[in-house]
Amino acid sequence: MRKMQKRVYVVAADTTVFLGTGRKEFHPKKPRPGLEHYIAEAGKGVLAQISDPEAVDEGVVGNFMASRFNRQGHLGAMMAVVHPSLAGKPSLRVEGACASGGLAVVTAIKSVLAGQADLSLVVGVEVQNTVKAIYGADILAGAGHYAAERKSGHAYYFPAKFSDRAGEYKKRFGAERTWAAMGRWYEQAVRNARLNPKAQEFHNTTTDLFSTHQTMAPNPKSFCEHINVLDCSKVSDGAAAILVASEEGLKRTGRKKSEAVELVGFGHSTADLTAQPDDLTVLDTTRRAAREALEMAGVAVRDVGVFEVHDCFTISGILACEALGLAGHGEGADYVLSGATRRDGPTPVNTSGGLVGFGHPTGASGVRMAADLWRQLTGRAGDDQVKIPSERPHGIFASMGGNDRTVVSCVFRRAA
Amino acid sequence: MTLDERLSNVSVVGAAGKMGSGITLLLAQEMARLSLLPQNRGKVFRLNAVDLSPEGLRGLQEYVHAQALKAAEKGAVGLRALYADREDLVENGEIIEDFVRRVESMVWPSTQLAAASGSHLVFEAIVEKVPVKVSVLKQLREIVPDDAFFFTNTSSVPIGLLDREAGLAGRIVGVHFYNPPPVQKLVEIIRAPGTRPDTAETAAEIGKRLRKTLIPAADVAGFIGNGHFIRDGLHGLQEAEALAKNEGWPKALWTVNRVSQDWLLRPMGIFQLIDYVGIDVFRFIQDVMGKFLEEPLSHPVVDAMIEHGVLGGQNPDGSQKPGFLRYEKGRITAVYDLERKDYVPLDPKGWTAEADARLGPLPEGFRGWKALAGAPDRDAALKAHFDAVAAMKTPGAELARRYVKRSREIARRLVATGVAARPEDVNGVLTSGFYHLYGPINDFCA
């Protein structure tokens, strides 16, 4: 059985504002910050929390498609914008579609485990508002099997993929409860985001979120058959950063152990990009990665008190709850309807808003999830802090790429 | 001749004007769509955009590009289906670009009427002057094929008159788009007594192709839309004039504009609407209607505004020019004072507040046009609103009641005189063409 060969910690984390429609300061026609700004802001936010920024050994950038959104490759060499001492040190960019952030986290973990670094700075970043959503859909379609599927695919390629999943779930497990659960997920996401000043939906003032969602019937002529636009995470610019450390690295930062979280297990799984999912109502790659992470940690889902799942769409959130074992197959909708995933429920999910509420700068999301678990487990989450029960001291995230083709999952608990 | 054949060579005369450019865009998009159908591969589709102004035609090309791009981006879901067999075009971006280029390539601009000579269908959207329209239609009749149809966008001139004077033998029908044609759903279809059935049927088919809401109107100057709007506007002016005697013009105009928007739950107040249409255009339609209907339709304030050179209408970028009201980024910032011949800025702590206070409060639980437009309980909310207005004894409610009654009276008369075949048609024009939440023929404040 896989187990942690040595102790690995996350000692600091930060996120930028996730910018896009919904934020008051967002103007589609005005100039906005670029990749280097976001990398610098998130990275500096982390380094400001440790005593010696020069102690960092390496950098990992998680990014999906800057090559098309920003016509920029070679992001590994952009790390020095965070701190001049990073020039001359190893740094690389990793890509795994929307799991690029999760992949960056796992890359840093492996580097620390291999003894190649004691402090690895991870920055996930994406700047997507450079193109309109209809053109962004082409770029994001690169997370699927482009050569075989783009031409026959929908104008909104990924929304349609998950609309298909929603349609299948409705058919198998009941249309009404599925649609209601999707509405509740949206409501929960925005409510959580309203407690998080950095969230894209922080300024959302819609009074009746649930009925707003429920009355917006999906329109296949202009969008998708089984989801509406509120079911989707928005187009976002933003970055998130964490510092991954060995025991030795943690000491170098000058941070107390209680200010860190310990990684107790992780999983990393991929599926065949050129094949179709076996069952549209199952996120089996997510399930596999989460199981690996939990098994490695030697804990069960009942030991977890706070969850971060990849709700690129509301239906993905529901399916991810099932994949993580919070609910059985076909029971995720009822689980969400029961209120169990709300911040005041027994298993709070996506406490800062998730992808639907916080925003989804694709390459940043996985890192952002790790950052949020660090905030929650160390009691630093501010207004969106939830209570972590002593009998459920763990936090888990599952960062998903494409149509459940690459997934990284990590389990943390407060270090002691 | 099939509709598709007829659409292979079309002319829009007056193509650079506001209505003409909108019609050109709509037709070019439809023709581009047709050109992609398997049975039409290799066929040439041609839309002659005829206008006297070369600058205007250059502007038309830019307009068509920008609007076609916007529409293609919005309609990408449907476009992908249309391009399903074009293996070389994969991305939304590639498909959109191809479609926009195709739309643009439909448009053949010309400053010469002769460009229309091969057209089986001619849209006329030139200036609302009877002799000019007659002369252009006559010239067209001589150069186009004998089976060509003429669709006129006139908003006021009787179609029968144009038919007779230009000798078109019934090959003309009124196809009255609303401004701006690509956005407004409504098209009034006006058959003259002599209009040939095939001409009218073709108009209806094209209207449907362009996904418009078609409402028939009788061939009476002003038809339904302007028949209501002009008289409704003149009522607003009379109310303002009465108020102005004691309150002065700025307060009077502000007050009536507010009542006609908020108390009546319309998308904009009456003076903002007249400004949008253009005060000069308003007078023009009013005069044409007055002449043909032998009805005294005028108001001295309209004449005075035009004399002062205050005309409303829009700038080329779509922003609103000053008229009865002045605007910044679409918001009202000042009101015209006819006595001082200048604008008085709104003063939310001074005169504007006094004028509002004099009106009295809006009904309790008031929700404006925008909030109600998409509300599931809209009908119940409208009823509750007007029940409250009916019961209130404030000057605002009194003004609103008179307005509701006058609007209903105008609408009923349009039905009684046969301009509209049914009450539903007047209501349909006001809801789909003017975006009212309810038709004027109702039992509110009865």
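Quick note on labels: first sequence line is chain A, next is B, and so on, each numbered from 1. Please read these numbers as outputs of a predicted model, since none were measured by experiment.
Of the two parts of A:Lys221, only the backbone, made up of N, CA, C and O, holds a non-hydrogen atom closer than 4.5 Å to a non-hydrogen atom of chain B. Proximity to chain A (any heavy atom under 4.5 Å) is shown, for B:Ala76, by both the backbone and the side chain. Proximity to chain A is limited to the side chain of B:Ile96, based on heavy atoms less than 4.5 angstrom apart.
For the pair A:Lys151 and B:Arg80, the tightest heavy-atom approach, listed with the atom from each and the gap, is O-NH2, 3.3 Å.
Near-neighbour residues of residues 366-386 of chain B relative to chain A, defined by a heavy atom under 4.5 Å from a heavy atom of that chain, are none. Along residues 200-212 of chain A, no residue comes nearer than 4.5 angstrom to chain B, judged on non-hydrogen atoms. Annotation: residues 428-439 of chain B contacts chain A through no residue [non-hydrogen atoms, separation under 4.5 Å].
Taking a 6.0 Å sphere around CD of A:Glu176, one finds it holds 12 or fewer heavy atoms contributed by other residues, nucleotides or ligands. Within a 6.0 Å radius of CZ in A:Arg172, more than 12 heavy atoms belonging to other residues, nucleotides or ligands are found. Within 6.0 Å of the CD atom in A:Glu225, the count of heavy atoms belonging to other residues, nucleotides or ligands does not exceed 12. Within 6.0 Å of CD on B:Glu364 lie no more than 12 heavy atoms contributed by other residues, nucleotides or ligands. Applying the 6.0 Å contact sphere to CZ of A:Arg32 captures more than 12 heavy atoms from other residues, nucleotides or ligands. Heavy-atom contacts from other residues, nucleotides or ligands closer than 6.0 Å to CZ of B:Arg41 number more than 12.
Put simply, NZ on B:Lys74 and CD1 on A:Ile134 are 12.5 Å apart, with the number rounded to the nearest 0.5 Å.
Here B:Asn92 is the residue among B:Val90, B:Val77, B:Asn92 with the most heavy-atom pairs under 4.5 Å with chain A.
Listed by first and then second residue, the ring-ring contact (aromatic ring centres under 6.0 Å, His included) pairs that reach into residues 132-157 of chain A are A:Tyr156-A:Phe223, sequence neighbours excluded.
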